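Heads up, the thing below is written out as C-alpha cells.
No experiment lies behind these values; they were computed from the predicted model shown. A, B, ... follow the sequence lines: proteins, then strands. Residue 1 opens every chain.
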Number of protein chains: 2
Amino acid sequence: MAGIMTMLREASGKLHPQERRAAQYILEHGMEAAGLGITELAQRAGVSTATVSRLCKTFHFSTFTDFKMKLSAELALQPSAQSYQDIVAGNPLEDIVSAMAANHIRSITDTTRLLDLKKLQQAVDVLAAANRIDIYGSATSGIVAEDFYQKLVRIGIHAASYSDSHLQITSASLLRPGDVALAISYSGETPETIDALRCAKENGATAISLTKFGANTLANLADIQLFTSTLEEGMRRGNMASRIAQLHVIDILFTGLVSSRFDEYVPRLENSYQMVRKYRVNKGVAEG
Amino acid sequence: MAGIMTMLREASGKLHPQERRAAQYILEHGMEAAGLGITELAQRAGVSTATVSRLCKTFHFSTFTDFKMKLSAELALQPSAQSYQDIVAGNPLEDIVSAMAANHIRSITDTTRLLDLKKLQQAVDVLAAANRIDIYGSATSGIVAEDFYQKLVRIGIHAASYSDSHLQITSASLLRPGDVALAISYSGETPETIDALRCAKENGATAISLTKFGANTLANLADIQLFTSTLEEGMRRGNMASRIAQLHVIDILFTGLVSSRFDEYVPRLENSYQMVRKYRVNKGVAEG
DNA sequence: ATGAATGTGTAAATTATTTTCGTAGTTTAA
DNA sequence: TTAAACTACGAAAATAATTTACACATTCAT
C-alpha cells in the first residue's frame, strides 16, 4: 500500500459527497484526525458517524478502528516539517507541538551541518588539556554555561560557570596560560561576556566562543570559534531553538571529552551517579 | 529503542503480578499485541480486562485506547532502525557528532509522540491562571527549572525556581490555592523534589510533574503529569537527551502560554529584549 | 409522473472499555 | 494467634464507542 493519505487524495473525486467531506477533513488535519474517535471525527467533519464508518469500508478496512490504527502508524513514519515555524496567536496546542518539534529538530540538524570538525577537535583537545575551565554566559546562555559546568564537575574537571558580570571578570582576571575560557552568547554581542573573554585572553587563557554562525565580536575575539545555526527573526523570541542548538554543541564537546579519556572519565561519571544515589538515605534512585 | 517498550521493561519488576503478566505479553508480542482490543489482549495475556485497563492507568495513559495508539505509533517507527547511540571509547569526533544529532532528534520526536495534548492543555490553562508559579528541580533538572523561570519572567509572570532543597520546601510551604508548583525530575524519584511538590500540594497549590514516561512517585503525586520519553540504560550518562526533551516540553508549555494571551505577552517579550538592549550602554544587541 | 436506485442521518443493536463491588489472600497490630 | 485493615483481582454492571438496520430524501431513468 502506497499510503493511506495518497489513496484518500486520489480516490477523493470518486467518493460520495459526504464521504469526500470526511476524507477531506482527514487529509487536511492528518495527525489530529488520527487521534479522534469516530464520533468526534464525524462531528468535526460535519458528517454522521455512519458515513465515516462507511468510508472505512469503502477502502476495505475492516472497521473504523482498523483504519485509525493504520493511519496513525503511517503518520508516525512521516518525517516532520522541514522549516522553522513562527509562534502565532491562538494557535491550537497541537500546532504548537509540531511546530516546536520541527524547530528544534531543524535547529539541531542545521547546527550539525555547520559544525567545523577541526575546530571542534581543537576545542576538545584544549579542554582536555586545560588546567582549569571558566565558562561565561548571560541569561539563557548562562543556563547553557551552567549545564556544561555541571557535566564537567561529574568527570572531575576543575571548572566554573559565571553569569554575573563582576564574577566573570573577577574569575577571568585570575586565569593563566594553560587555562581555558569558554564564552557563550547567541548573538555574540553580549558586552559582559565579551569583556570577560577578552580579559581571559589577555591573561593568557585559550579563548573559545560559542555563538550564532557568522561574524560577531565574540567569535572574532576567540582562538577557537564554535557556531550554532542562525535563526530567522521571528524565531528568536524565547531563545528556544538557539538554546537547544547550544546544548547540542555542548553535548558534543562533552562526549568528545569523555570519549578521549574513556577509561578515566566513564568510571567517574558512573561513580557520581552511584554516590548521589547512596547518600540519599532510604529513598529511590535519583537521576535529576 | 526508547519510549513505551523501554518503560514497560523497566517498570516490570515493580508491577503487580497480573499487571506484569500483561506487560510481559506486550513486550513479547509487540506489534501483534498493539493491534488487539482490550478484551482479546487480556484473554491472551491471561488476565482480566480490568487489569489491562489498570495497567494503562498505572503508566498514566488516559485510556487503553490512548495507550494502544501510542504503542503502535512507536512500533511503526521501529523498523527504521534509528536507535540511541551510546558513548563509547575513542570514537572519532565525526561519529560522535552524528550520534549526538541522532540521539537528540530521537529524543525530541519520541517525546513529541508521547505527549498527551489534554494534559498539556490543562497545564497551560493552570499556568495561565496561576497567581504564582514555583518550579523545583535538582542538578540537571534544576537547569531546566531555571530556564523556564527565565522565560516566565520575560512575560511578567510571577515565578521562582529553586534547586536548593531547603528553599524548595520553604517556598512550597508558602504556596496557596490558586498557585502552581511544577516539579521536574527525569527519574521522578528525586526525594527533595518529591517532598517539595507534596508540600506544595498540601498547601492547596496545583501540582504539575515533568518526569520520564511511566509510573514514578513524582508523577503519581501530581495533579497534572507531563512526560518525556524514557531512555535506555546507557543513554542516561550525562543526562543529555533527557534534558533536551525536558526543555522541549518546557518550550511547548511556554509557547502555549504566550499563544493563549498573545496580545498581552508578545509585546512584553518584545519589550524585555528592547529594554535589555537599551540599558546596555553603547554596545550591540544582546540576546543571550 | 412514478418507481428504482442511491446517499445519508437517526437510532437501535452491538461491541468495547471502564468502573464498581465483593472476595480472597496478605500484611499489620494487638 | 487472631482480628482488623489492606491489597490485588476478576465478575459484572455501567458507560462509551462503533456498527448496522432502517427510514427518508433525492436523483435518475422510464
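One finds no side-chain N or O of B/S48 lying less than 4.0 angstrom from the OP1 or OP2 phosphate oxygen of D/dA11.
Here the nucleotide nearest the side chain of A/K68, chosen from D/dT18, C/dT20, C/dT8, is D/dT18. Nearest nucleotide to the side chain of A/A50, out of D/dA21, C/dT8, C/dT18: D/dA21. Considering only the side chain of B/T51, D/dG10 comes nearest among C/dG9, C/dG7, D/dG10. Nearest nucleotide to the B/Q18 side chain, out of C/dG9, D/dT18, D/dC9: D/dC9. When distances run from any side-chain atom of B/R54 to the nucleotides D/dG10, D/dA21, D/dT19, the shortest one goes to D/dG10. For B/S53, the side-chain atoms get nearest to C/dT18 when compared with the rest of D/dC9, C/dT18, C/dG9. Each of C/dG9, C/dT17, D/dT18 was ranked by its minimum atom distance to the side chain of A/V47; first place goes to C/dG9.
Rounding to whole angstrom units, NZ of residue B/K14 and P of D/dT7 are separated by 19 Å. Straight-line distance from the NE2 atom of B/H16 to the P atom of C/dT26: 14 Å, rounded to whole Å. Straight-line distance from the CD atom of A/Q43 to the C1' atom of D/dA17: 14 Å, rounded to whole Å. Rounding to whole angstrom units, NZ of residue A/K57 and C1' of D/dT19 are separated by 6 Å. If you measure from atom CD of A/E19 to atom P of C/dG9, you get 10 Å, rounded to the nearest angstrom. Here D/dT15 presents its C1' atom at 17 Å from CZ of B/F64, a figure rounded to the nearest Å. Rounded to an integer number of Å, the gap from CD of B/E40 to P of C/dA16 is 9 Å. Put simply, CD1 on A/I38 is 18 Å from P on C/dT14, counting in whole angstrom units.
In this structure, B/Y25 and B/H29 have parallel ring planes: the angle between them is below the 30° cut-off, well short of the 60° mark. Using a 30° and 60° split on the angle between ring planes, B/F213 and B/F227 fall in the tilted class, from 30° to 60°.
How far CG of B/L71 is from CZ of B/F59: 11.5 Å, rounded to the nearest 0.5 Å.
Within the 4.5 Å cutoff, no side-chain heavy atoms of A/Q18 are placed close to those of A/R54.
Looking at B/E19 and B/T58, their side chains do bring a donor and an acceptor atom within 3.5 Å of each other.
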